[in-house]
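Okay, structure first, notes after.
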Amino acid sequence: FSSDAIFSGISLKDSLNGRDTRLFSSPEEDSSLYFTYSGGQNKLEVVNLHYEVDTAAQIPWYEKLSEFKMPWEMQSGRQTAIRNLNLRVHSGQMLAVIGSSGCGKTSLLDIITCRDEGGTMTSGQVLINGKPSTPTLVRKSIAHVRQDDRLLPHLTVRETLAFVAKLRLPTHFSQAQRDQRVDDVIAELRLRQCAHTRVGNEYVRGVSGGERRRVSIAVQLLWNPGILILDEPTSGLDSFTAHNLVITLSRLAQGNRLVLLSVHQPRSDIFQIFDLVVLLSSGSAVYCGPAREMVPYFTALGHPCPRYCNPSDFYGDSVDNWWLLLLYVVPF
């Protein structure tokens, strides 16, 4: 083999058998889907959402006594977390909520999944397939992968999924069907190489951080939800692992699923994978629309992205200083 052939395309023509041979490839690098969402299309809408948080209510009353104030003298401090937000996404799309820390990304996901604690939705509504979001409807249609991993460290990846399959899958599923679903999820999330490795935690040695995050997604994917919501799935991962994880999420969206995730500041190749982007600043949507149109949108406003610069980094860092941009909100 010549060096030019090796480094030019990683694909060589085998002169012995007349077929293509790919170097540095594995049998799991195909883009085929092992199973898709079998239900109908899902649509998620957030309409004129205004959400406030009572910061004073999050402090226990006994800590406030140190201020020598009686309970009726304690004033509530309300802070706007999300302001007049509108967005719409449907099955087959992956929507990324990006922005700096404290901009309202996690609050938005908590509101959608009915986990909003200590806050009040003063106006607007969240619609799932045209119906107002309720805890019962959320449990039936949405899988929420939180930022912290809540897994049993001493079980292997396969044992973890088999245990969850017995608890979560319908009772009419046979053991063979449960095993098949576990195999499909393991193949879908590229966990074959670590299927028999303990999950582990900070005290027990186990799988890597990226693999543990995939296991958390696999636990929710077992019951084949139509809507998948993830809070900071790439947090704590290196750039290569984060890129592969987002590619996996994009493949899941192609399987007739709706994927919504929050990301702090994704690198440029991850940003290009997103279908839709919502850029938040202090709870307000500065941009809502296709990811490929974000740079032309800001360029038309007089803020072009410098060449060879990551758009998510540039606009994420600069948007808090551009108070004029808060007047412009592009709906889907």
Side-chain angles (χ1 to χ4, degrees), residues 44-46 49 51 80-89 93-113 126 144-147 213 217 227-239 241-250 252-253 258-301 303-306 308-323 325-332:
L44 177 64
E45 296 178 272
V46 177
L49 179 62
Y51 181 75
T80 300
I82 297 177
R83 182 183 294 105
N84 299 328
L85 178 63
N86 292 272
L87 63 86
R88 182 170 62 250
V89 59
Q93 294 179 326
M94 180 169 59
L95 169 65
V97 183
I98 64 176
S100 59
S101 299
C103 67
K105 300 188 298 293
T106 301
S107 298
L108 174 61
L109 301 189
D110 289 341
I111 294 170
I112 294 176
T113 56
V126 178
H144 187 195
V145 181
R146 302 179 70 88
Q147 188 172 356
R213 195 62 52 85
I217 300 174
I227 301 177
L228 185 62
I229 295 180
L230 308 98
D231 186 13
E232 298 278 358
T234 61
S235 178
L237 304 180
D238 61 271
S239 58
T241 304
H243 180 260
N244 288 339
L245 179 60
V246 174
I247 290 179
T248 299
L249 296 177
S250 177
L252 294 177
L258 187 158
V259 178
L260 191 153
L261 69 155
S262 63
V263 188
H264 179 56
Q265 283 182 332
R267 69 182 198 178
S268 56
D269 55 350
I270 293 179
F271 180 81
Q272 295 173 1
I273 302 175
F274 300 142
D275 298 314
L276 305 171
V277 168
V278 175
L279 177 59
L280 293 181
S281 175
S282 301
S284 298
V286 181
Y287 176 81
C288 296
R292 63 180 180 273
E293 297 179 6
M294 190 175 79
V295 174
Y297 167 74
F298 284 115
T299 301
L301 294 178
H303 299 282
C305 180
Y308 306 122
C309 184
N310 183 4
S312 61
D313 286 340
F314 178 73
Y315 294 119
D317 293 338
S318 305
V319 73
D320 291 332
N321 300 324
W322 300 342
W323 63 271
L325 290 181
L326 296 177
L327 302 176
Y328 300 93
V329 178
V330 180
F332 287 121

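Everything numeric here is computed off the predicted structure, so don't read it as measured data. Position 1 is the first residue of the sequence, and the numbers go up from there.
In terms of modelled atom types and a separation under 3.5 Å, the side chain of K105 and the main chain of G99 share a donor-acceptor contact. The backbone N or O of S284 sits nowhere less than 3.5 Å from a side-chain atom of R83 that would complete a donor-acceptor pair. S262 places a side-chain N or O within donor-acceptor distance of the main-chain N or O of E232, the cut-off being under 3.5 Å.
In plain terms, the two heavy atoms of G316 and Q265 that are nearest each other are C-NE2, 3.9 Å. Between G104 and I82, the shortest heavy-atom contact is O-CD1, 4.1 Å. What you find for H144 and D110 is that their closest heavy atoms are CE1-OD1, 4.0 Å. Minimum heavy-atom separation, C305 to T299: N-OG1, 4.3 Å. Among all heavy-atom pairs drawn from S281 and V286, the shortest one is CB-CG2, 3.6 Å. Across all non-hydrogen atoms, the minimal contact from P311 to F271 is CB-CE2, 4.3 Å.
The distance from the OH atom of Y51 to the OG1 atom of T80 is 11.5 Å, given to the nearest 0.5 Å. Atom CG of L95 sits about 12.0 Å away from atom CZ of R88, to the nearest 0.5 Å. Here the straight-line distance linking atom SG of C288 with atom OH of Y297 works out to 9.0 Å at 0.5 Å rounding. Atoms CG and OG, from L245 and S250 in turn, are 11.5 Å apart once rounded to the nearest 0.5 Å. For the atom pair SG of C103 and CG of L279, the computed distance is 8.0 Å after rounding to the nearest 0.5 Å. Here E45 contributes atom CD and N86 contributes atom CG; the two are 9.5 Å apart, rounded to the nearest 0.5 Å.
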Audit row: L44, L258, side chain to side chain contact (heavy atoms under 4.5 Å, CB included) steps and yes/no: CA-CA 8 Å; L44 177 64; L258 187 158; 3.9 Å; yes
Should L49 and L108 be marked as a side chain to side chain contact (heavy atoms under 4.5 Å, CB included) after you check the CA-CA gap, both sets of side-chain angles, and the distance that decides it? CA-CA 9 Å; L49 179 62; L108 174 61; 4.0 Å; yes
Could you walk me through whether I229 and T113 pass the side chain to side chain contact (heavy atoms under 4.5 Å, CB included) test, one step at a time? CA-CA 8 Å; I229 295 180; T113 56; 3.9 Å; yes
Walk me through it: do I217 and L249 pass the test side chain to side chain contact (heavy atoms under 4.5 Å, CB included)? CA-CA 9 Å; I217 300 174; L249 296 177; 4.0 Å; yes
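For the side-chain contact (heavy atoms from CB on, under 4.5 Å) criterion with V97, the lone passing option out of L260, L261, V263 is L260. Residue M94 is tested with L228, V277, L276, I273 for a side-chain contact (heavy atoms from CB on, under 4.5 Å); the sole match is I273.
Between S235 and Q147 the shortest side-chain heavy-atom distance falls below 4.5 Å. Residues L280 and I98 are not in side-chain contact: their nearest non-hydrogen atoms beyond the backbone lie 4.5 Å or more apart. Using a 4.5 Å heavy-atom cutoff, the side chains of I227 and V259 are not in contact. Residues P266 and S312 meet the side-chain proximity criterion, which asks for heavy atoms closer than 4.5 Å. Within the 4.5 Å cutoff, no side-chain heavy atoms of V278 are placed close to those of Y287. By the 4.5 Å heavy-atom criterion applied to side chains, D275 and V89 are not counted as neighbours. For the pair D231/V145, no side-chain contact is recorded, criterion being any heavy-atom separation below 4.5 Å from C-beta on.
The closest side-chain donor-acceptor pair between D238 and T241 falls under 3.5 angstrom.
Ring geometry for Y315 versus F298: interplanar angle under 30°, hence parallel rather than tilted (30 to 60°).
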